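Let me begin by presenting the structure, written as structure tokens, before commenting on it.
In this text, all values refer to a predicted model and were calculated from it rather than measured experimentally.
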2 protein chains.
Amino acid sequence: MRPTVHDIAAVAGVSLATVDRVLNQRPGVRHVTREKVERAIRELGYVRDVAAANLAKGRTYPFVFILPASDNSFMHALNAEVRAAVARSPVDRTEIRTIEVPAFDPAALVAVLEKLGEERPAGIALVATDAPDVRDAVDRLVKEGIPVVTVVSDLTGSQRHHYAGVDNIAAGRTAARLLGRFLGGASGDVAVLAGSMLVRDHRERLEGFATVIAKEFPSLSLLPVIEGRDDPELAHMLVADALSKQRGIIGVYSLGAGNRGLIRALKEKAGDRALTVIAHELTTHTRAALLDGTIDAILNQDAGHEVRSAIRVLKAKADGLAVIDGQERIRLDIFLKDNLP
Amino acid sequence: MRPTVHDIAAVAGVSLATVDRVLNQRPGVRHVTREKVERAIRELGYVRDVAAANLAKGRTYPFVFILPASDNSFMHALNAEVRAAVARSPVDRTEIRTIEVPAFDPAALVAVLEKLGEERPAGIALVATDAPDVRDAVDRLVKEGIPVVTVVSDLTGSQRHHYAGVDNIAAGRTAARLLGRFLGGASGDVAVLAGSMLVRDHRERLEGFATVIAKEFPSLSLLPVIEGRDDPELAHMLVADALSKQRGIIGVYSLGAGNRGLIRALKEKAGDRALTVIAHELTTHTRAALLDGTIDAILNQDAGHEVRSAIRVLKAKADGLAVIDGQERIRLDIFLKDNLP
DNA sequence: CCAAATTTGATGTACGTAAATCAAAATCTG
DNA sequence: CAGATTTTGATTTACGTACATCAAATTTGG
């Protein structure tokens, strides 16, 4: 049987009330007494029964998710996963509220964070816009003792407790190697379609991609990045244009959203030549394109995992418990047409 | 606030004791009364507070893991993950016991399962040996109401509640496409190193692999399968021999364990020619080989995920609760040298 | 319709922890 | 050393559920 507060009291030779004071850092305990209790806790290997504690406290975890108001499949999926988590709220004692902020708008994000500082929720998860002001706002919250995790996109140099997202540099590198190997030593141009270079995850993917292409596949040359703003229409136009004008393109890497437009452009120009294409995020559109051969591989991050991981980590931090690292590492999924879920 | 048993009693117009009798299917409740209570439960959307219930019951979950006594890296990793779960036992109220059985020995496995039927643990996880007798033994346990999940290797046609492992046909298909694409249309022979064709996961991987190679990469021809019995020494000998004699080999797929021997053989023959190699399971050896270019891609299943998933599912089944499907799908990890964890 | 059987109600205790109250003891201050 | 202050102990209630007991009410059988 695992030890209880009663056992601690007995071993430490103090009363239950004192043990409680120490455990819940209430005042009115002399230093020596506190040490006696802490020693007993260590000796017995006591770990508080979180379930019983939550029951007694009537505790719930008021969490806040801050999500960008972006109209693309991935953000919709992320939203849906948060809603699914909300549906499970009664069971896991969470009370999740979502706040939408304009995408790529540091000021708006900071304003929301500031207000949350007063509200003091049990934890905050946010899709970070990578700006110094945001970092400072997050660091203030952390200093005030509020658990904060970034989701999908991280915050450079901040003190956030955890990042629930993929390693985007590795993602870019992986895309490069897949593309390079699939092209099997052929020479030609590679087009890169991004959303915006203002977002950290896109920058990082490009960085990883460019590095590996340059170093390991010198027969391939990178064309200037096409910024499609994650907008299907714009992406379609720009890609179609590039494919018409740049006759040397043999590979395409789409590292952002708005793949609907990309796919349309690829199909229109399909007759022309064989293209090898790597894209990010598994959606109905990219899935279909993978199956019909328009896309050769899809790199994906599982939004459900990210949301659940963020919640688990916030909970653990709120309770001062350890997390299982292996469980919280968000992996980069690589999908070929054969291993689709 | 979520509804409690008191609310049900009030709404149904019965006493707390009666609600309790219905909830815990105790006898002594007239049919009409039972229906009144059940209606109230539905109306209120009551869900039993599992934490409080477990507290009251002093409940723990006695689970049993049945693992094969195989001496390879993957099984060691699986063992370690089970031990890690045991270390977390006090926190999540599990009491996990492991039983080792000889590998590939249906009779021994059946004997263990039979005995567990009397013991009636709260759940059983097993690495299944795919034989009719085993299937029957598992089905008996399931019929007796004991939750059973298979881990890593599934059981054909059984009633087990869940399978915590990867789709091995998909894994084989994926390996084929990676190999085919990496070889970029070249012609030649492909060697396959397996452990034993008596294990279902190996059979399935081969099946998926052969199918895709035949259909989509006709310029490649499969050599007869080399059975290395997951033994590094034997694998080394057989592969070295094959590489010497079969000069047309341009690709290798290692779908089982014992990769240490494979890697040694590959390095000895490295000077000869360029080989494209796909292997299963990320270990220190395969990781190093991936990094130094001896292996081109590694397909992996995360043992930690499998163990944790098995436990979550067993718990849910023991409590009669639903599982989150997306969370319990074990994914096939594809590692290139760029996205190693 | 009465006795027997079944069903229901009322009540209390328990699980491990949190939190509060009040009294008693120990320590500190001047 | 008295008095004020701080620290500690003892005890109680609560959280939501499980489970046991005993009495009261209701239904059933003959």
Judged by nearest nucleotide, the residue sitting upstream toward the 5' end of DNA chain C, B:G58 or B:R34, is B:R34
Taking atom P of D:dC19 as reference, at what distance in whole Å does atom CG of B:N54 sit?
11 Å
Tell me: CG of B:N24 to C1' of C:dA14, nearest whole Å?
15 Å
By nearest-heavy-atom nucleotide on DNA chain D, the more 5' of B:Y46 and B:A17 is B:Y46
Counting side-chain heavy atoms from CB outward, which of C:dT17, D:dG16, D:dG9 is closest to A:D49?
C:dT17
Does B:R2 contact D:dG16 through a side-chain donor or acceptor facing the base, at a distance under 3.5 Å?
no
Calculate the interatomic distance between A:E35 atom CD and D:dT7 atom P; express it in whole Å.
15 Å
Output the rounded distance in Å from CG (A:L44) to C1' (C:dT17).
16 Å
With heavy-atom distances below 4.5 Å as the criterion, would you say the side chains of B:V22 and B:V14 are in contact?
no
Nucleotide C:dA26, atom P - distance to NE2 of A:H31 in whole Å:
21 Å
Give one of base, sugar-phosphate or nothing for A:R48, where a contact means two heavy atoms less than 4.0 Å apart.
sugar-phosphate
Closest to side chain of B:A56, choosing from D:dA14, D:dA10, D:dT17:
D:dT17
What's the closest nucleotide to the B:R30 side chain, out of C:dG16, D:dT7, C:dT8?
C:dT8
How many angstroms lie between atom CZ of A:F63 and atom OG1 of A:T98, to the nearest 0.5 angstrom?
14.5 Å
Kindly say if A:T18 contacts the phosphate of D:dG9, meaning a side-chain N or O under 4.0 Å from OP1 or OP2.
yes
Sub-4.5 Å side-chain heavy-atom contact between A:K36 and A:V32:
no
Taking the minimum atom-to-atom distance to the side chain of A:R21, which one of C:dT21, D:dA18, C:dA10 wins?
C:dT21
Both B:K57 and A:D20 contact DNA chain C. Which one's nearest nucleotide lies toward the 5' end?
B:K57
In whole Å, what is the span from the CG atom of B:L16 to the P atom of C:dT13?
16 Å
Using a 4.0 Å heavy-atom cut-off across all strands, classify B:A53 as base, sugar-phosphate, or nothing.
sugar-phosphate
Counting only side-chain N and O atoms of A:R26, is one of them less than 4.0 Å from OP1 or OP2 of C:dA19?
yes
Taking only the side-chain heavy atoms of B:A52 (C-beta and beyond), determine which of D:dT17, C:dT17, C:dG9 contains the nearest atom.
D:dT17
Could you state the CG-P distance from B:L23 to D:dC19, rounded to the nearest angstrom?
11 Å
Cation-aromatic face contact B:R48/B:Y46, 6.0 Å, 45 degrees:
no
If we only count heavy atoms from C-beta on, is the B:I311 to B:F65 side-chain gap below 4.5 Å?
yes
To the nearest angstrom, the NE2-P distance between A:H6 and C:dC15 comes to 9 Å
Side chain to side chain donor-acceptor pair (under 3.5 Å) with A:Y61: of A:N54, A:T94, A:D92, only one passes, and it is A:N54
